[in-house]
Amino acid sequence: MTGISPEFDTTTYRMAMAQFDQAAARMDLDPNVRARLKKPSRSLIVHMPIRMDDGTVRVFEGYRVQHDNSLGPTKGGIRYHPEVNLGEVAALAMWMTWKCALVGLPYGGAKGGVRCDPKAMSRQELQRMTRRYTAEIYPIIGPDQDIPAPDVGTNAQTMAWMMDTYSMQRGYAVHGVVTGKPVGIGGSLGRDEATGRGVFVCVMEAMKRLGIEPKGSTAAVQGFGNVGGHAARILHENGVNVVAVSDSHGGIRNARGLPVPEVLAHKEKTGRVEGFPNAEPVSNEELLTLPCTVLVPAALSEAVTEKNAHGVKCRILAEGANGPTTLEADKILEDKGVLILPDILANSGGVTVSYFEWVQSHQMYFWKLPEIRERMADILSSAFERVYETHLRTKMDMRMAALTTGIQAIADAHRLRGLYP
Ligand code: GLU
């Protein structure tokens with residue numbers, strides 16, 4: 001089996017690789033397909049000179065990685081973060097492949113990123129950078145080829161600029177080139193909350209299997225952005241006591257439960273959850289080890305590791321983020337009896353509603369919110385059932401059950417399509 005190419009060699013990539021190797025060893029995976037799936041099919045690095053507001057020019061590095069397109073156009077978000085690198089983007093692209101295949105979407109996996117600090121950039125700088133990045137990756141994206149979406153550090157506005165830049169090159173409005181757009185230019189209702197709502201759907205499925213009532217149960221949510229914020233809100237709306245939330249600045253806790261809508265309003269106003277009245281401060285690290293029914297890591301990767309996994313006290317760990325739990329931590333948590341809802345299942349609500357958005361863009365016919373929520377819940381509940389059933393039948397943990405299910409669908413597609421030329 002081929003090893004890790006030096007250009008991808010980072011901790012996140014190693015983690016994706018180790019997961020894949022473990023899953024592949026549990027399945028009867030064709031060695032040729034295995035060797036192919038260990039590497040992304042296409043990786044692009046771009047360097048973009050961007051004029052900053054003070055007149056200086058800074059060169060930013062950006063990436064777009066397409067891992068596999070055997071099931072359809074590749075799909076995946078764009079991440080703006082100071083530590084983004086090619087290896088991380090490649091790992092995230094690989095996870096998108098398994099995620100789309102697991103839920104049954106006609107997509108392969110991709111991811112993109114720009115190494116920058118979006119919080120330290122003005123709106124105009126972000127717009128110029130986004131437009132230049134779109135122009136640089138233009139040759140390999142498109143509604144039938146590769147469809148970006150928001151991820152960490154990007155949002156609906158970023159997608160609007162990408163859609164506009166792409167459309168300007170074509171000469172007409174191309175709605176289907178990105179998803180997660182604002183509703184006013186072809187975005188889908190319910191896309192903004194979709195990843196958080198998907199986390200909620202999976203938590204409810206898990207509670208049902210474990211005989212836990214949402215009322216009276218508790219949750220701690222790390223990350224209060226697009227995923228964690230909506231997940232906390234929807235859990236709260238459904239009777240779960242949200243006892244702690246955090247963002248990159250720090251967190252707050254209240255054992256009696258936080259009024260999540262008010263915390264969201266406070267975050268909207270001040271840019272952070274810290275300082276919310278009637279709550280005690282809690283650090284991001286402490287939050288992970290608070291006693292609770294459900295822990296939702298919804299920030300960055302490698303949050304739960306062998307160093308802190310022993311202290312985790314939840315019953316269900318629902319991965320809102322991509323890659324928040326290392327393989328070493330998986331083992332420790334399994335021994336403690338924690339049920340992990342793996343990222344490629346728990347956070348798949350986002351790409352599922354992205355798929356609805358893309359379908360609506362092609363149909364030029366837009367669906368109502370209740371229909372979108374119901375269809376997404378249907379898709380996620382049946383994916384949950386497939387994974388849980390595999391977990392019970394094979395005794396694999398939930399992550400391996402999810403990975404092997406996704407990888408099998410890709411392997412089948414490769415076998416059916418055969419090798420070119
Ligand atoms: N960035 C999200 C994810 O990691 C969504 C991707 C998409 O909607 O295409 O699943």
Side-chain angles (χ1 to χ4, degrees), residues 12 16 63-69 71-81 84 88-114 137 141-143 145-156 158-159 162-163 175-182 186-199 201-202 223 225-231 297-301 318-324 341-361 372 376 379-380 383 402 406:
T12 315
Y63 318 93
R64 185 70 184 170
V65 175
Q66 299 166 350
H67 174 254
D68 184 79
N69 66 0
L71 287 177
T74 49
K75 185 90 192 74
I78 306 281
R79 179 169 288 206
Y80 287 175
H81 192 270
V84 165
E88 180 187 10
V89 173
L92 290 159
M94 179 183 256
W95 284 329
M96 285 307 300
T97 303
W98 315 145
K99 189 187 302 187
C100 294
L102 168 65
V103 261
L105 307 178
Y107 289 141
K111 205 80 171 196
V114 178
I137 66 169
I141 61 169
Q145 188 175 5
D146 181 12
I147 307 132
D151 195 79
V152 174
T154 57
N155 55 29
T158 322
M159 295 307 116
M162 290 192 79
M163 180 255 181
H175 297 103
V177 65
V178 289
T179 59
K181 297 178 293 294
S188 177
L189 294 171
R191 176 60 186 87
D192 53 348
E193 63 159 32
T195 313
R197 182 167 292 278
V199 170
V201 169
C202 290
N226 183 257
V227 181
H230 284 294
L300 293 169
S301 64
E319 297 186 330
N322 288 307
L341 313 184
D343 46 9
I344 61 168
L345 174 65
N347 72 31
S348 63
V351 73
T352 300
V353 178
S354 272
Y355 166 60
F356 297 162
E357 181 175 331
W358 180 75
V359 169
Q360 292 170 83
S361 290
I372 288 163
M376 189 267 273
I379 289 180
L380 262 63

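Counting starts at 1 for both ligands and their atoms, following the listed order.
The side chain to side chain contact (heavy atoms under 4.5 Å, CB included) check on Ala93 picks up Val65, His67, Lys111, with sequence neighbours excluded.
Asn347 places a side-chain heavy atom less than 4.5 Å from the side chain of Lys99. Side-chain contact between Leu345 and Cys202 is present, with heavy atoms from C-beta onward closer than 4.5 Å. In this structure the side chain of Lys75 never reaches within 4.5 angstrom of the side chain of Leu105, judged on heavy atoms.
Looking at Asn155 and Asn226, their side chains never bring a donor and an acceptor atom within 3.5 Å of each other. Thr154 and Asp151 form no side-chain donor-acceptor contact under 3.5 Å, judged by distance and modelled atom types alone.
Protein neighbours of ligand 1 below 4.0 Å, counting non-hydrogen atoms: Lys75, Gly76, Gly77, Met96, Lys99, Lys111, Ala149, Pro150, Asp151, Arg191, Asn322, Gly350, Val351, Ser354.
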